[in-house]
Amino acid sequence: MSFETISVIGLGYIGLPTAAMFASRKKKVIGVDVNQHAVDTINKGQIHIVEPDLDMIVHAAVTEGYLKATTIPEPADAFLIAVPTPFLPTVNKNDIPAPDLKYIESAAKAIAPVLKKGDLVILESTSPVGATEQMAEWLAQARPDLTFPQTEGENSDIRVAHCPERVLPGHVVRELVENDRVIGGMTAKCSELSVELYRTFVKGDCVITNSRTAEMAKLTENSCRDVQIAFANELSIICDELDIDVWELISLANRHPRINILQPGPGVGGHCIAVDPWFIVSRTPEQARLIHTARKVNDSKPEWVINKVKLALADFLQAHPNKTASEVRITCFGLAFKPDIDDLRESPSLEIAQKIANMHSCIVNFVEPNIKCLPNNVSDNAKLIKFDEAKFQTDIAVILVDHHEFKNQEKFNNNIIIIDTKGIWK
Ligand code: SAJ
């Protein structure tokens, strides 16, 4: 079958680049989003997110007439659902967060009225095991006049698959094309059609499996990274106790041909690595002990950094008995969740900087070269300053992100205390 019209539901960090890639291959693409501002921006040929090279591709796709955005789904031959899958809020600190599928449910219910025999529906959102079958069930309930793979198998009117996105923010345009794709159809025919669809722009291998394994594959990738980062974070705490430079230690250990330890930091941020392991832990809490512990190790790292700042403050005051706490100038370097991006969402660095500002009795300097102003909810005594200004206004430096602007800097002066969570000012 040939897919003439493709609809992408959810025009965020994954959906918009995916829609743009299909459109760049001269497919007619209908992007759907509940956010009117996003829809209007895209229809002007502009983008509402930060991602290198995406603006040009979207601009070309819209002006050449291959991509349009709308808030209401229209008929298409294939539907790709790329909506968020957050977790539900927890009541107690030690509760295990459970996935929240409400956006998948509303996307399924939104496209159901326009589905027709022969259509393909692909879930791209990172999802707990069983979510694709659940989505197919929601579609079947909404359209009793059509048949679905869960009851009709290969003969179903509608084909359903899970094909998780796996691209790295900041490299999405290249990775969408080059990365291998895991294609998990609910039946062999569903997989076959999905491969045909992705072949429109994917140059990597399209590897076929079933939908549950595809769901678990994506969760496994991000959990693996989370466990590895937890190992590095735990090492950093052990080394601090034993007075060993963890960065030197890791670079030495990594000289072994079969060792590749990741880098410690202030904690794990973003919307993927710190979220997806919970989808495994909440389903199999008895079995997922290592994955659960890794989450706890990474989530506790910000508090450890804050304690180091409290100890540094006490040390500074002891060394300067003529000063009071309100005269000690603390500067936090970096607020984003990882280097060289402007994304502050779910950032352990921002969390740490905010808590330092809340606990300190005078202005705390924040240096973040990738933003122009601080978010509204940041404490009043936080002040955004430039890196060069910080040189003259710092007694305690807290390095939270290894932005390239911060690397290879001469130390400010010999009297400042440095808490370097990224090992760039050793
Ligand atoms: N981090 C460390 N130490 C490291 C590497 C990362 O502390 O050695 C921290 C970062 O600072 C950041 C967090 O981990 O706070 C996550 O950053 P990341 O670069 O590891 O990953 P994301 O969240 O930007 O993207 C991940 C990717 N998954 C994997 O690499 C397995 C990406 O391929 C996925 O598509 C994406 O999650 C997603 O959408 O699921």
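Indexing begins at 1, ligand by ligand and atom by atom, following the structure's order.
The closest side-chain donor-acceptor pair between Gln36 and Asp40 falls under 3.5 angstrom. No hydrogens or angles considered: a donor-acceptor pair under 3.5 Å links the side chains of Thr213 and Asn210.
Residue-ligand proximity, Pro169 to ligand 1, at heavy-atom distances under 4.0 Å covers atoms 24 (O), 25 (O). The Glu165 neighbourhood of ligand 1 comprises atoms 35 (O), 38 (C), 39 (O), 40 (O), with distances under 4.0 Å to a heavy atom of that residue. Residue-ligand proximity, Glu221 to ligand 1, at heavy-atom distances under 4.0 Å covers atoms 31 (C).
Contact detail for Ala357 and Asn381: the closest heavy-atom pair is O-ND2, 2.9 Å.
Atom 11 (O) of ligand 1 has its closest protein heavy atom at Phe337 O, 3.3 Å. Atom 37 (O) of ligand 1 has Cys272 CB, 3.3 Å as its closest protein atom, hydrogens excluded (heavy atom only). From the protein, the heavy atom lying nearest to atom 13 (C) of ligand 1 is Gly269 O, 3.6 Å. Scanning all protein heavy atoms for the shortest distance to atom 27 (C) of ligand 1 gives Leu168 CD1, 3.8 Å. Among protein heavy atoms, atom 28 (N) of ligand 1 sits closest to Asn222 OD1, 2.9 Å. With hydrogens left out, the protein atom closest to atom 9 (C) of ligand 1 is Ile229 CD1, 4.0 Å, a heavy atom. For atom 33 (O) of ligand 1, the closest non-hydrogen atom on the protein side is Arg166 O, 2.9 Å. Protein heavy atom at the shortest distance from atom 34 (C) of ligand 1 is Val167 O, 3.5 Å.
Looking at Lys109, its side chain never comes within 3.5 Å of a backbone N or O of Ala142 through a donor-acceptor pair.
The closest approach between Lys218 and ligand 1 falls below 4.0 Å for a heavy atom of the residue.
The option with the heavy atom closest to atom 5 (C) of ligand 1, from among Gln263, Lys338, Arg225, Lys301, is Arg225.
Judged by the 6.0 Å distance and 45° axis criteria, Arg181 is positioned over the aromatic ring of Tyr198.
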For residues 269-279, run the donor-acceptor check on the side chains, cut-off 3.5 Å, and write out each pair with its distance to 0.1 Å, sequence neighbours left out.
from   : atom 1 : to     : atom 2 : distance (Å)
His271 : NE2    : Asp343 : OD2    : 3.3
His271 : NE2    : Arg345 : NH2    : 3.4
Asp276 : OD2    : Asn222 : ND2    : 2.7

Only pairs under 3.5 Å count here: list side-chain donor-acceptor contacts from residues 43-52, not counting sequence neighbours, and write none if there are none.
from  : atom 1 : to     : atom 2 : distance (Å)
Asn43 : OD1    : Ala69  : N      : 2.8
Asn43 : ND2    : Val39  : O      : 3.4
Asn43 : ND2    : Ala69  : O      : 2.9
His48 : NE2    : Leu11  : O      : 3.1
Glu51 : OE1    : Gly170 : N      : 2.9
Glu51 : OE2    : Gly170 : N      : 3.1
Glu51 : OE2    : His171 : N      : 3.2
Glu51 : OE2    : Val172 : N      : 3.0

Checklist entry - Passes side chain to side chain donor-acceptor pair (under 3.5 Å), Asp340 versus Asn370? Steps please. => result CA-CA 7 Å; Asp340 303 327; Asn370 299 299; 5.2 Å; no
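Around the NE2 atom of His256, the shell of radius 6.0 Å holds more than 12 heavy atoms that belong to other residues, nucleotides or ligands.
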